[in-house]
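Input: a single structure, listed below in structure tokens.
Each chain gets a letter, A, B and so on, in the order its sequence line appears, and its residues count up from 1.
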Number of protein chains: 2
Amino acid sequence: MERKTKQRQIIESVIQQEGRPLNPLEILACAKLILPRLGIATVYRTIRLLESEGKLTAVSIPNKGVYYEPTRNVHHHHFHCRVCHKIFEIDCCTEDETQELPGGFLAENHEVIYHGVCKNCHNIKK
Amino acid sequence: MERKTKQRQIIESVIQQEGRPLNPLEILACAKLILPRLGIATVYRTIRLLESEGKLTAVSIPNKGVYYEPTRNVHHHHFHCRVCHKIFEIDCCTEDETQELPGGFLAENHEVIYHGVCKNCHNIKK
DNA sequence: ATAGGTGCAAACAGTTTGCATGTAT
DNA sequence: ATACATGCAAACTGTTTGCACCTAT
């Protein structure tokens, strides 16, 4: 049977609280503020656990590694700001979940990653 | 000045000849058929060179690593077959290159990756 | 009491780098 | 001749695993 440990509770709440996808090191850093002896292996193990429970979803960002966000059941995309390098969730773009593509490919799902500049960084530059 | 070596010519032609994006180990394996002593470091160095020359484009596939394809100037997407795990290029889906997204994000470019079953694998299963 | 979890260190996979040797110019 | 490229091994980064110790049940 599965246990409810301090580390699991804290890791889960860190991911839930933050408003954007976090990578394992970011998760570790936040959680360490509360549990200084926390190890990275526990973060990875807990990520896998939460993922298999469906509570967490991985978001892979080219050249940036894997980020994790609380699972949302609405289809959405991600935005990677090339200035601050944060990852944001984007609500948008109604697209069919399952669709046939040219060449007879049957797409069951897809990922879209936008790269650009977020509002914040765009204002700073002006 | 830059040199035209056997390894560079072979690596480039391997990527040009294959009809789909290849990862560094696939490139090494193909090129080794012709140049058995070729090392993986040379493959990586040549990839970087070709990329910086604009001849090669990287395609990052979640959970699968990075693949490389000859640069094409038409906007296109990729398809990852969950059965054979090959990566294919997909011509499709006219979408604006630069667009403002909800939330004030300015997208300069984006990547779309479809996951599903390719025609081939789909026929085999039937 | 004990099954399951943790932290640490070692192992791994993918990629990069240092260096002595090889080669295109 | 020499600047640049290669192959090999070592280093590095991100992730996983083995194991002795710890803890929720």
d(CD1, B:Ile47; P, C:dT15) in whole Å | 8 Å
Give the rounded distance in Å between these two atoms: CZ of A:Arg3 and C1' of D:dA24.
-> 5 Å
To the nearest angstrom, how far is A:Lys64 atom NZ from D:dT13 atom P?
-> 16 Å
Would you mind reading off the distance between B:Leu49 atom CG and C:dT16 atom C1', rounded to a whole angstrom?
-> 16 Å
Tell me which of A:Arg45 and A:Lys6 sits closer to the 5' end of DNA chain D, going by the nucleotide each one is nearest to.
-> A:Arg45
Take A:Lys55 and A:Ile15, measure what side chain to side chain contact (heavy atoms under 4.5 Å, CB included) needs, and give me the verdict at the end.
-> CA-CA 10 Å; A:Lys55 290 183 184 168; A:Ile15 298 165; over 6 Å; no
Are side-chain heavy atoms of A:Leu28 and A:Thr42 found at a separation under 4.5 Å?
-> no
Can you check the B:Ile10 CD1 to D:dT6 P distance for me, whole Å?
-> 11 Å
Heavy atoms under 4.0 Å, any strand shown: does B:Arg8 hit a base, just sugar-phosphate, or nothing?
-> sugar-phosphate
Nucleotide C:dG18, atom P - distance to OH of B:Tyr44 in whole Å = 18 Å
Does OP1 or OP2 of D:dA5 have a side-chain N or O of B:Thr5 closer than 4.0 Å?
-> no
Is there a side-chain contact between B:Glu53 and B:Glu12, using heavy atoms and a 4.5 Å cut-off?
-> no
Measure from the side-chain N and O atoms of A:Glu26 to the backbone N and O of A:Asn23, and report whether any donor-acceptor pair falls under 3.5 Å.
-> yes
Send over the distance from A:Lys4 NZ to D:dA24 P, rounded to a whole Å.
-> 12 Å
Between C:dT17 and B:Arg48, is there an OP1 or OP2 to side-chain N/O distance shorter than 4.0 Å?
-> yes
Reference residue B:Tyr68; test side-chain contact (heavy atoms from CB on, under 4.5 Å); the match among B:Ile11, B:Val43, B:Ile47 | B:Ile47
How would you label the contact of A:Leu38 with the nucleic acid (heavy atoms, under 4.0 Å): base, sugar-phosphate, or nothing?
-> sugar-phosphate
With nearest nucleotides of DNA chain C determined for B:Gln7 and B:Leu25 from heavy-atom distances, which residue corresponds to the more 5′ nucleotide?
-> B:Leu25
Rounded distance in Å - CD1 (B:Ile11) to P (D:dA5) | 13 Å
For A:Arg37, which contact category applies under a 4.0 Å heavy-atom criterion: base, sugar-phosphate, or nothing?
-> sugar-phosphate
